[in-house]
Number of protein chains: 2
Amino acid sequence: MPTHPKKKAATVRDVAKAASVGFATAARTLGGYGSVSPEVRGRVLLAAATLGYRPNRLARSMATGTSRTLGVVVADIENQFFARIVRGISDVARPAGFEVILVNSDEKANEERVAVRMLAEKQVDGIIVAPAAVNDFGHLSELQDSGLPIVLLDRNIPQLAADAVVIDGMNAAEEATDHLIALGHRRIAIVTDVLSETPIPRDFRPPASVATAGIRLAGFLKALHRAGLAVDELLVRRASPTIAGAYSEAGALMDLTSPPTAIFTTDNVMTLGAFEALQDREIRIPQDLSFFGFDDLDWTRIVHPPLSVVAQPVYELGATAAQTLLGRIEGRAGSAQVRVLPTQLVHRGSTRQVSNGHRRAKSINRVPVPPGEIRPQT
Amino acid sequence: MPTHPKKKAATVRDVAKAASVGFATAARTLGGYGSVSPEVRGRVLLAAATLGYRPNRLARSMATGTSRTLGVVVADIENQFFARIVRGISDVARPAGFEVILVNSDEKANEERVAVRMLAEKQVDGIIVAPAAVNDFGHLSELQDSGLPIVLLDRNIPQLAADAVVIDGMNAAEEATDHLIALGHRRIAIVTDVLSETPIPRDFRPPASVATAGIRLAGFLKALHRAGLAVDELLVRRASPTIAGAYSEAGALMDLTSPPTAIFTTDNVMTLGAFEALQDREIRIPQDLSFFGFDDLDWTRIVHPPLSVVAQPVYELGATAAQTLLGRIEGRAGSAQVRVLPTQLVHRGSTRQVSNGHRRAKSINRVPVPPGEIRPQT
DNA sequence: TTGTAAGCGTTATCAA
DNA sequence: TTGATAACGCTTACAA
């Protein structure tokens, strides 16, 4: 017959009693830490099995002061970027015996603050966070000097002096933009998200403390600057950080009297939204417009044309963050490290050389988009 | 100056001492449960603030027997289907004061077993699981009669008699197939994943205990049967549950001497993989082939042509599961309920009527696929 | 090797 | 309203 129909799980005490050994002895065998004679050990294990004993890890955590749980705060698990990151984290954490508590912050500093405190109160052994705001991190330094290990993901906050795992977004954006410039484009637009509330920066120093989008924007501007191209503010679009946001900004770009000949987007959401807008307007890529996206998601291969994108090692971002965190938890000392993972440009079919490559921006006025003919719309 | 540079968090005892009140009194104010005079209350709160007191939720859980944590086991958080589900769960759980521990099972029953036990040992208040195997659920019933609330997601296991939140995959597949049949298709293929190890079922009773993919396959077959169409086993493809798997099966389909005129896929991974294969072969959809996918993901709108798909309420699947679970946790009684959420067909441009609609299957031999011309390949 | 006893930081009970 | 004191289930000295 099954042990108990419901309720009351067996405890070490119960097992000890059933095996008629001392409490601590049972605890030692079950917890696997002291030493016990094989004979007794067998008795205890048998009793445990018949009672269906399962250890209470909460109690264990209370006693040991370690919960074997990691806290992870990302903007939105629905964003494939973060989903893949979380997978990377999880794949490293589990084999090491750590579980993951996941929280979405929606890029809201306040949600993050609450989440992070809650996680700390739940006694997680460490926290990985993609910080929502780079200028609002009191809650993070609070954690830090409470002694809780914390690893920043995707966005660094130098003032925190915490471990961080990021990509070089500045350089990535620069490379992509360079490529468009090399193809002869002079009116290059960028669709980025409003998380970069910074005004268009006129200087291009490696940004000290600015969000992901801001860094990529800076890289874009730097490339233009290096090429001696003036920045047309009309071509710098801050979208709300949604597909719809990018959609409408990309649309607005094409409505300009002098639309861009190339568009660069700064993350996968922007890429999707902008691309959809171009599709709906039946703008031919790359004939009418060159397009450079961000994030090498599966779908970028199967659209028409396949998109050239900046590929970042998303999974590794998560895995590395987890490894870093586990290292700290196991007591690795040393000052905080910022790990910068490499990106690369993936060239597919969405950009092309434009003919008049020499500073004739004025004459590149685009003709109104003709109604498309390729796609069998339904 | 900041309280402590590191280590040792303040406890209720510390606060009590600092406020010079009894320990229990401090505990009551801080825990917000007993009654305390406003005056004392103020003193305690002040002391707590200056000491930077943060409750230890683990200790609280020990005492109360409730951890305010939910366990969630899905196949793979990278799959957008599960990512959206988890978002739905999280959005319901958090406002209710519950955190979520996330585990990936990769559809492996054994991973799931380990995960589920670990979660139980961590004293989660309930578990939501998309069970990997419908015939291997000992670990789940084990939980059940330990009294831990459990909600099945996406896949029901009738023998368990647990709450479940699913869609009617049978009907969904049937509808999609019906639609293809109505368009005159007679050689209709299906690309599904190998999780349905069931042989091609010859009977179409509402499947008692079969995985998601199997149910959808049954719906497909049922539709064919109702239309009096014979099943060509060559057109029933079990792919490994990856993009690559679907890719190669779809490719194989088109290599048949008598390829299908329509393809139906049974989840978003199959859809992506199959579609990519068709793209790469430059098969024109819907001119050369009609295509019906599964899951209304964003990218299905922006491919060429936009895909007709079975849309399921993914977010709601998660949200409903969480609501159901919370209900049980709060003690709602009553027998297990299976909630079936509605699906719907989204018609876009990937299917079309075929001319010879009347049982002339034999004459529908397709001509070899001509090299495509539309896409500016790079 | 075994057992006793003292925590871990809460909540819950019960007098005062 | 207060304040001891006993759980909660485990680990960790410390003795025996």
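A, B, ... follow the sequence lines: proteins, then strands. Residue 1 opens every chain.
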Original post:
Can A:D163 and A:R328 be counted as an ion pair, charged N to O under 4.0 angstrom?
Top reply: yes

**OP:** Among the candidates C:dT10, D:dT1, D:dG9, find the nucleotide nearest to the side-chain atoms of B:M62.
**Re:** D:dG9

Original post:
Should B:S37 be listed as having a side-chain N or O under 4.0 Å from OP1 or OP2 of D:dT2?
Top reply: yes

Subject >> Residues B:E78, A:R84: salt bridge by 4.0 Å N-O rule >> reply: yes

Original post:
How far apart are the C-alpha atoms of A:L30 and A:L45, what are their side-chain angles, what is the distance that settles it, and do they pass the side-chain contact (heavy atoms from CB on, under 4.5 Å) test?
Top reply: CA-CA 7 Å; A:L30 264 18; A:L45 256 27; 4.1 Å; yes

Subject >> Separation of C:dT11 C1' from B:L58 CG (nearest whole Å) >> reply: 14 Å

Subject >> Side-chain N,O (B:S35) to OP1/OP2 (D:dT1) below 4.0 Å >> reply: yes

Subject >> Minimum-distance nucleotide (side-chain atoms of A:A63 versus D:dT12, D:dC8, D:dC10) >> reply: D:dC10

**OP:** Could you please name the option among D:dC10, D:dT2, C:dT10 that lies closest to any side-chain atom of B:T25?
**Re:** D:dT2

Subject >> Whichever of B:A24 and A:V21 has its nearest DNA chain C nucleotide further upstream toward 5' >> reply: A:V21

**OP:** Examine C:dT10: is either OP1 or OP2 under 4.0 Å from a nitrogen or oxygen in the side chain of B:T64? Give yes or no.
**Re:** no

Subject >> Lys/Arg N to Asp/Glu carboxylate O, A:R113 vs A:D136, below 4.0 Å >> reply: yes

**OP:** Among C:dT10, C:dT11, D:dG9, find the nucleotide with the atom closest to the side chain of A:T11.
**Re:** D:dG9

Original post:
Whole Å only: how far is the CG atom of B:L30 from the C1' atom of D:dG3?
Top reply: 16 Å

Original post:
Rounded to the nearest Å, what distance is computed from the CD atom of residue B:E121 to the C1' atom of nucleotide D:dC10?
Top reply: 13 Å

Original post:
Taking CZ from B:R60 and C1' from C:dA12, how many angstroms apart are they, rounded to a whole number?
Top reply: 14 Å

Original post:
Can you tell me how far C1' of D:dG9 sits from CG of A:L51, to the nearest Å?
Top reply: 15 Å

Original post:
Whole Å only: how far is the CZ atom of B:R68 from the P atom of C:dT10?
Top reply: 17 Å

Subject >> Among D:dG9, C:dT11, D:dT2, the one nearest A:A59 by side-chain distance >> reply: D:dG9

Subject >> B:Y33 OH to C:dT11 C1', straight-line distance once rounded to whole Å >> reply: 5 Å

**OP:** Check whether any side-chain heavy atom of B:V114 lies under 4.5 Å from a side-chain heavy atom of A:R94, and answer yes or no.
**Re:** yes

Original post:
With sugar-phosphate meaning primed atoms plus P, OP1 and OP2, does B:R13 contact a base, only sugar-phosphate, or nothing at under 4.0 Å between heavy atoms?
Top reply: base

Subject >> Protein-nucleotide distance (B:F23, atom CZ; D:dA4, atom P), rounded to Å >> reply: 11 Å

Original post:
Which nucleotide in the set D:dC10, C:dT10, C:dT11 lies at the smallest distance from any side-chain heavy atom of A:V12?
Top reply: D:dC10

**OP:** Have a look at B:R41 and say if it touches a base, only the backbone sugar-phosphate, or nothing, with a 4.0 Å heavy-atom cut-off.
**Re:** nothing

Original post:
Which nucleotide in the set D:dT2, C:dT11, D:dC10 lies at the smallest distance from any side-chain heavy atom of B:V36?
Top reply: D:dT2

Subject >> Closest listed nucleotide, where the reference is the side chain of A:R28 and the choices are D:dC10, D:dT5, D:dA13 >> reply: D:dA13

**OP:** Look at A:Y53 and D:dC10 and indicate whether a side-chain polar atom (N or O) is within less than 4.0 Å of OP1 or OP2.
**Re:** yes

Original post:
Should A:D14 and A:K8 count as an ion pair when the cut-off is N to O under 4.0 Å?
Top reply: no

